Amino acid sequence: MPVSSSGEDEDKPLKSLTRRNNHVIDLDEDDDYEDTPLKEVKVRKRKAETAKKPRKKVKKEKKEVKKEKEVKKEKKVTKEKKKVTKKVKKEVKKEVKKEVKKETSVKQDPGKDSDSQSDVYRWWENEDELEGEIKWHTLQHHGIIFPPEYKPLPKRVKLLYDGKPVSLPPSAEEVAGFFGAMIQTEHAKNPVFQKNFFHDFLEVLKESGGSPEAEIKEFEKCDFSLMYAHFEKEREKKKALPPQEKRRIREEKAKLEEKYRFCLLDGRKEQVGNFRIEPPGLFRGRGAHPKTGKLKRRVYPEQVTLNLDEKAHVPSPPRGHNWGEVRHDNTVAWLAMWRENISNSVKYVRFGNNSTLKGISDFKKFEKARALKDYIDAIRIDYKKKLKSELMLDRQIATATYLIDVFALRAGGEKSDDEADTVGCCSLRYEHVFLKPPSTVIFDFLGKDSVRFYQEVEVDKQVFKNIRIFKKSPKKPGDDLFDRLDPSILNKYFSSYLPGLTAKVFRTYNASKTMQEQLDLIPNEGTVNEKVVRFNAANREVAILCNHQRSVTKGFEAGVQKMNEKIEEMRWRKTRLKRMILQLDKKEKKKRPDYFAEIDELPIEKEKEIVERVLEKDKERDEKWSLREKQKINWEKKSITTEEYEQRLKTLEEDKKKRKVKYEEKHKQLKGETKNHKYDLSSSMTVEKLDGQVEKLEERIANTNLQLKDREDNSTVALSTSKVNYIDPRLTVAFSKKFDVPLEKLFTKALREKFAWAIESADEKWRF
DNA sequence: ACACGGACTTAGTATAGTGAAC
DNA sequence: GTTCACTATACTAAGTCCGTGT
């Protein structure tokens, strides 16, 4: 399309308009901002005015083009096949080389049995694995598991419309059920969710012939509560199943899935990650996603493409169906794919996290981040210089790089209108950044997954000035802060330093670097538990850097209070023990005044409160116990004789009485104790013994305190994301070895498998 | 040169599993 | 042995980035 007339320019995407000209920016930054060259203002203005409209226009056009493309698809497929064969030829040489290597490695390691741990392929000992774009030479697998067909609900479980039960065709009932199962969740209260769900529900209803009883038109008249109740009951039923039955069901399922769990890659058994097709349901988009609540439709084999080697046996599709396509592309790392209907994107069945291919790319990722070590100084010097560049583009690049480097922002690609409005560095807008002179910047925006990024931070003086320039009038809310940038421009700049260097590498680098620094601060002393807490604290620093958040679990507040009460109780017990010591030997107080000082720190009111609580708990416990016992007896009522039943009830009553007596004794004793602080001590009790008990309690208190603090600090921070994705696992392995902390305390089983390469290759001296 | 989509990583949450506390 | 609360895993949404075709 020619770009001559201004009318057509209006319809062009924004970025292309501005990117063409590298305007010289206002140098006199100190600072009459209105002094911007006229030309630039004009361009910006037009951009600002057209900001919203053309975006949408472009999108619409895109959609129409999409349809045409689908027609062309067939041609494309044949083309792709050609492409693949070409690639394969290109790599033939390497292939031969690899085969040779493989044989030798097999020879080196004979007599291994196929099922044991030693079977793990040690790819990290084979340098050749790290090059080339060929991912595999042979690949066999058993395909994928489809979700079970829909089973209609019992007749009595109906949707109520306008108060009256209505029957629905199975496919429509299924969709209604998806919503019905969710009515207690936040999603179901979201108007967008409701609207999208209802729209798609009506669509399915129409497709399937509608309801005979009523024409369903209004969401407000639908009552899903019968459905909800039904699902709840089913859930309860399932939960109440006897353990052995649960186990049986689980094992049966596992057996059925067994063959899908694994595939054969270059002859080696490797785990498959997600071997199940995603079941239909309502799309749970995060944040303010415009499509949230839409029906995610059932996927059929006809929509599925399998990927395996040419000679591999093609797993048979479910009865009465055919695979959409069978492909043999050894340049990719997926076993099957399908297209989902929400945003028409592709979903893949991929290898497990402990697989060779995932391991290799993980390893490469961290090595790339480590390579950045050698360039980061130069990069930083350059961007500091460039912050003052005369070219607007360069200033923006420098400023963005600063933000990515210092605040670990993501690249921030452009998003379309039918996704949640979230941003990263390049897509930051006017309203996301506030300036607070002299040099404080407040970031407030929604990042990936609509997680809020809020930070009030001190920034480099020049960065502050630049942002002020980037926000200068006529820019207004809704406009891009970096109007000359997108991730590809930034990444091109990065790769001029180091091929393959991109924005996300900075995140990995700074995360692992931070972890290394934090670990270096930890003294090699204390218990294993203390070291783990310190490790987690280091981990937490990284998580905060990356803004990895999680929502507080609903029982959190109560849990903290409970723990605090527990600590109080232990302190009280300790005080009590110390009083006993003094009762045994008054002279102790003079010998160790500090030791006994805490006795006076416990006000009598507080003590009474604690004692009350302890007794209350005892009582509750007894009550619960007797209730449970009774239930147990009633459960077995049918399988025992009446006599036996009576007998057991009688024993229960007796036991209850015994407990009550015991409780009352204790009650009396504690009450008395709190009054006069006199204790019944057995004649064999000694100061030493009591000292020992105090020490133990002190340990427990310290431990619980540590745990509590850890828990509070972690309540809104997700440690796992950085542990899994950003912190070089060799750091953790080195820490484990150097500090004698069992790796199991730092890595779960899944992570130990995922990071087998790191566990094998790092010693206590390893550094990022 | 650039829009697009494919392929892959990164992310929070729902749920299953588990082990400590009673 | 049961419950409860947390932890680990499963799931799938939502990013990044690159190659490709136009």
Side-chain angles (χ1 to χ4, degrees), chain A residues 1 12-13 15-16 19-20 58 61-62 65-66 69 72 76 79-80 83 133 135 185 235 239 243 246 250 273-276 278-279 281 283-287 289 291-292 296 329 331-334 337 339-340 342-348 350-351 353 357-358 361-362 365 410-416 419-420 422-424 426 447-451 486-488 490-492 494-495 500 502-505 507-508 546-551 553-556 558-559 562-563 566 617-618 620-622 624-625 628-629 631-632 707 711 714 718-722 724-726 747-751:
Chain A
M1 186 163 68
K12 273 255 163 189
K15 298 275 181 184
S16 61
R19 206 170 295 142
R20 250 175 266 130
V58 172
E61 276 169 26
K62 269 185 212 161
V65 173
K66 218 182 250 169
K69 269 194 182 160
K72 284 186 194 164
K76 215 175 163 188
K79 258 190 203 169
E80 263 172 35
K83 190 183 78 194
E133 64 167 343
K135 300 268 168 60
T185 67
R235 240 161 50 98
K239 220 170 105 187
K246 274 189 202 161
R250 204 167 52 229
N274 53 329
F275 44 82
R276 263 182 287 266
E278 292 174 18
F283 174 65
R284 291 150 124 97
R286 313 232 172 101
H289 198 300
K291 292 188 173 178
T292 194
K296 196 165 88 169
D329 185 351
T331 68
V332 295
W334 52 264
M337 61 151 255
R339 207 171 270 285
E340 51 89 30
I342 300 294
S343 48
N344 205 237
S345 67
V346 185
K347 299 268 190 172
Y348 300 93
R350 346 185 95 269
F351 296 101
N353 284 334
L357 286 171
K358 286 254 178 121
S361 61
D362 242 17
K365 173 181 76 182
R410 297 187 184 82
E414 203 181 339
K415 295 189 74 183
S416 74
E419 295 172 278
T422 63
V423 299
C426 293
K448 181 177 175 181
D449 292 296
S450 294
V451 169
D486 67 28
S488 78
L490 217 47
N491 286 337
K492 207 174 278 167
F494 292 148
S495 66
T502 61
K504 81 193 263 289
V505 181
R507 258 167 93 79
T508 315
C546 298
N547 200 40
H548 290 145
Q549 300 188 12
R550 60 173 188 168
S551 43
T553 46
K554 57 175 187 286
F556 174 72
K562 217 172 154 188
M563 234 163 151
K566 212 166 108 188
K617 268 192 203 161
D618 272 8
E620 265 173 37
R621 196 159 42 234
D622 280 357
K624 254 189 193 161
W625 172 85
R628 214 169 36 232
E629 288 300 306
Q631 208 174 30
K632 236 191 262 173
Q707 265 178 35
R711 184 122 67 90
N714 282 339
L719 299 192
S720 61
T721 309
S722 50
V724 171
N725 299 304
Y726 287 102
F747 278 158
T748 63
K749 182 165 162 283
L751 282 189

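Only a predicted model underlies this, so the values are computations on that prediction, with no experimental measurement involved.
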| task | Go through A:Asn274 and A:Arg350 one step at a time and tell me if the side-chain contact (heavy atoms from CB on, under 4.5 Å) criterion holds. | result | CA-CA 6 Å; A:Asn274 53 329; A:Arg350 346 185 95 269; 3.9 Å; yes

Using a cut-off of strictly less than 4.0 Å, decide whether [X] has a side-chain nitrogen or oxygen near OP1 or OP2 of [N].
X: A:Arg339; N: B:dG6; value: yes
X: A:Ser551; N: B:dT13; value: yes
X: A:Arg350; N: B:dC8; value: yes
X: A:Thr502; N: C:dC17; value: yes
X: A:Lys135; N: B:dA7; value: no
X: A:His548; N: B:dG12; value: no
X: A:Lys504; N: C:dC17; value: no
X: A:Arg507; N: B:dA11; value: yes

In whole angstrom, what separates [X]'s [atom1] from [N]'s [atom2]?
X: A:Asp486; N: B:dA1; atom1: CG; atom2: C1'; answer: 11 Å
X: A:Gln549; N: C:dG15; atom1: CD; atom2: P; answer: 14 Å
X: A:Met337; N: B:dG5; atom1: CE; atom2: C1'; answer: 11 Å
X: A:Asp329; N: B:dG6; atom1: CG; atom2: P; answer: 13 Å
X: A:Lys566; N: B:dA20; atom1: NZ; atom2: P; answer: 12 Å
X: A:Ile342; N: C:dG15; atom1: CD1; atom2: C1'; answer: 18 Å
X: A:Glu133; N: B:dA7; atom1: CD; atom2: C1'; answer: 13 Å
X: A:Arg235; N: B:dT15; atom1: CZ; atom2: P; answer: 7 Å

| request: State, yes or no, whether a side-chain contact exists between A:Glu278 and A:Glu340 at a heavy-atom distance under 4.5 Å. | output: no

| request: Using heavy atoms to find the nearest nucleotide of DNA chain B for A:Val451 and A:Ser361 separately, return the residue whose nucleotide is more 5′. | output: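 Nearest nucleotide further toward 5': that of A:Ser361.
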
| remark: Closest to the 5' end of DNA chain B, once A:Asn725 and A:Ser345 are matched to their nearest nucleotides, is A:Ser345

| message | My understanding is that only residues two or more places apart in sequence, or in another chain, count here; which of them pass salt bridge (Lys or Arg N to Asp or Glu O under 4.0 Å) with A:Arg286? | response | A:Asp449

| said: Going by salt bridge (Lys or Arg N to Asp or Glu O under 4.0 Å), name the residues that satisfy it together with A:Lys448, two or more places apart in sequence or in a different chain. | reply: none

| said: Taking any heavy-atom pair under 4.0 Å as a contact, classify A:Arg250: base, sugar-phosphate, or nothing. | reply: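 Answer is sugar-phosphate: A:Arg250 comes under 4.0 Å of backbone atoms only.
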
| said: Which residues pass the side chain to side chain contact (heavy atoms under 4.5 Å, CB included) test with A:Ala503, not counting sequence neighbours? | reply: A:Ile404, A:Ala411, A:Asn491, A:Phe494

| request: Only counting residues at least two apart or in another chain, list the ones meeting side chain to side chain contact (heavy atoms under 4.5 Å, CB included) with A:Glu419. | output: A:Lys415, A:Ser416

| message | For A:Phe275, give me all partners under ring-ring contact (aromatic ring centres under 6.0 Å, His included), at least two apart in sequence or on another chain. | response |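 Partners of A:Phe275 by the ring-ring contact (aromatic ring centres under 6.0 Å, His included) criterion come out as none, since no residue qualifies.
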
| field | A:Phe283 and A:His289 aromatic ring geometry - parallel, tilted or perpendicular at 30°/60° bounds | value | perpendicular

| note | Expected string for nucleotides 9-14 of chain C under the B/S/- scheme (protein heavy atoms, under 4.0 Å, primed atoms plus P, OP1, OP2 as sugar-phosphate) is S-SSSB

